[in-house]
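Reading through the structure tokens given below for one structure.
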Amino acid sequence: MKGTTMTHHRTRPVIGLLAAFLLTASACSIAPGASSATPAASIAPAANEACHQISIQASQAPQTIGNLRKDAADIVVGLFGGYGQPEWNTPDGHRPSKEEVQQTSALLMRPVSIDVKGQIRGARGAAEHAVVGGGQLGCDSVTYSNDLALAVGQRYIFFLFPILNSKLEPSDDLLVIAAWPVGKNDVVVTAQEGDMSLDDVKKGIEEGPKPTVAPSPGEPWPSGPG
Amino acid sequence: MLAIALAGGGSLAPRESASAVDYNNTNPGATPCGDGSHPVTTLRYFYVKSGGLAYARVELRWSPFCNTVWARAVNVTGSGAGYATARSLTASEQIIVYNCPRIACVIRNQTEAGDVLPGPGNSGWSHQFVIVPNGTLNNPPAKQPPTLRAVFTIKNGAATYTFDTAFEPVWTWHANQFKNERNLRNEGTVISCNNAVWRCAWHGEPGGVSATVLYELDPSLSTHGGSADLVADLKNVILPGWSQRTPRSPRMQWCNPGCANEDVLVKLVPAGDPALGGNLAVTVNDGYTAGTPALFLHQTVKIKNTPFEHECGLTDNGCGGGPHNDDRPLISHEIGHTLGLMHCDIDFQVMCHVISTIASEIVDGTSYWTPQTFDVRALQAFYP
């Protein structure tokens, strides 16, 4: 995908055999306080067994400049042009079976259109491979708890992170792990550090993580009444 | 009410057991709840700032001894760089207690107005209230643990600053798409058992008793290269810590790789796993039953494969700050997700451990690997 077009080119390597899990003899043990019972999950039928309904709860480290600087391989400034059609991230794009959903990392991904205006780190062309997780395709849905809500036409700093495909093989996809709006006068709305100038954000990325400012030792922490 | 910090902080022994006394609408500083004779926990605090400088720290305070909460404002002027120069402030502190995170669920409400905080360290506080029982929200009803909120008005001469802590803690069932960050919340669209994509989901109470949840421990858990034994931690510490923690919350069982019919698979994955998406860990829910609330069909806990150590020590007495590579708080947090608990925005819990600095409203606070009081309250609400 280039510029604001919505065509997405994903490398589709030859499908390799998934390394088999080491299957050892099954042996269950009960945690203290537990007793044997039939798992509740087997009681009721699925809402719609033909459909995949996947939700992902992300436990995220605070998105500071320091943390994102460590994680993002490519960082660009650009205009968000919209989302493309969701695609399964299986090597050949096929819809996964229930077993594949459970045993691999099969997910729906959406290409993201970015009209790149500036590059802070990595390759300018990286934005052509930008994706976000989640989407709806037919009756299948994948939803992330930390889904990005991007506004078409808004300028952002995009932080891009290289990801693998469903079988954990290399892919060209770069996941947008954060997008900070850039407003008038180049003021960036950061996730943790408040409003900063675009230049200061660039410096923070280039020069190293900004130290977290802890409460100063002199700040009063009264231990008395109330 | 005004108190000069530190000086004469009370050391009275409790006059009687907390449960025998009604502390509602009383001055915490005049009771064993807040007179200094028992520990007080600041569940959440924020900085009131103007022009980039901090004037006051506003707090939601909790007495474990009395199970009461109140709001406190502290004058932090004159504390150094990033703070306003020392000056007198006046403050009003409002504490509001709800049995669900909606304004309509208000149970208690009190405002203490006109407290003078003459200099750094001086504080003023509201009356205190006992935390109320669980409530429900919406139709179909979503059980909800109680929620607290404080509104502060800080006056600096002619300037007035208002600060609303918003609802704390907000616990969502499973994965309701609700942002716990104060500035990102939209209480109007979430927290209901409506079985939309984001829904209330749990493991149920078959026959009215605890469900049993089976965790398969993948061999990858032994491949991280650090000194921590993740399998042993899960078997001996984390799963027992959550297992039937409340009378009808699930029992936790584990099984070796390849076991049949596991409910949850726990595994390490490379950093580039698309589900992980740059995070430390995720819980992937890949199926639900029909019904309201829905039952989980299968989940996978994916943990970033990075060397794990036991940096937080042998005792679960709080592991402060980050980043660190202790597996126990991280994995325990994910196990909480597998039971249906989402995040919240207070400190000192397994599922939420955030604090503020004068530079940032949310940074890592102090985490635990054993469910703490407010974790358990949420579990109790969701598995009544």
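Chain A is the first sequence line, chain B the second, and so forth, proteins listed ahead of strands; every chain is numbered from 1. Computed from a predicted structure; not experimentally measured.
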Discussion item. To check you understand the geometry: which heavy-atom pair defines the closest contact between Pro274(B) and Asn89(A), and what is its length?
Written reply: CG-ND2, 3.3 Å

Worksheet item: Tell me, side chain or backbone of Gln128(B) under 4.5 Å from chain A's heavy atoms, or both, or neither?
Response: neither

Worksheet item: Any idea which heavy atoms bring Pro220(A) and Ser79(B) closest together, and the distance?
Response: CD-OG, 3.3 Å

Worksheet item: Within a strict 4.5 Å, meaning less than it, do heavy atoms of the Leu168(A) and Pro270(B) side chains meet?
Response: yes

Worksheet item: So how far is it from Asn285(B) CG to Gln53(A) CD, rounded to the nearest 0.5 Å?
Response: 11.0 Å

Item to complete: For the residue pair Ser59(A) and Asn279(B), confirm or rule out a side-chain donor-acceptor distance under 3.5 Å.
Response: no

Worksheet entry | Spatial distance of atom NE2 (His343(B)) from atom CD (Gln57(A)) [nearest 0.5 Å] | 6.5 Å

Discussion item. Which atoms of Val284(B) are under 4.5 Å from chain A, going by heavy atoms: the side chain, the backbone, both sets, or neither?
Written reply: both

Worksheet item: At their closest point, which heavy atom of Asp273(B) faces which heavy atom of Ser105(A), and how far apart are they?
Response: OD2-OG, 2.6 Å

Worksheet item: By a 4.5 Å heavy-atom criterion (distance strictly below it), what part of Ala54(B) contacts chain A: side chain, backbone, both, or neither?
Response: neither

Worksheet item: Measuring heavy-atom distances to chain A, does Arg245(B) have an atom under 4.5 Å in its side chain, in its backbone, in both, or in neither?
Response: neither

Worksheet item: In Å, rounded to the nearest 0.5 Å, how long is the span from OG1 of Thr64(A) to CD1 of Ile362(B)?
Response: 12.5 Å

Worksheet item: Taking the side chain as C-beta and beyond, is there a heavy-atom pair between Ser55(A) and Thr283(B) under 4.5 Å?
Response: no

Worksheet, complete the sentence: Between the CG atom in Leu265(B) and the CD atom in Gln102(A), the distance rounded to the nearest 0.5 Å is 9.0 Å

Worksheet entry | chain A interface, residue from His333(B), Glu334(B), Arg57(B) that has the most non-hydrogen pairs under 4.5 Å | Arg57(B)

Worksheet item: How far apart are the closest heavy atoms of Met342(B) and Ser145(A), and which atoms are they?
Response: CE-CB, 3.5 Å

Run the side-chain donor-acceptor check on residues 156-164 of chain A: report pairs under 3.5 Å with partners two or more places apart or on a different chain.
{"from": "Tyr156(A)", "atom 1": "OH", "to": "Ala151(A)", "atom 2": "N", "distance (Å)": "2.7"}

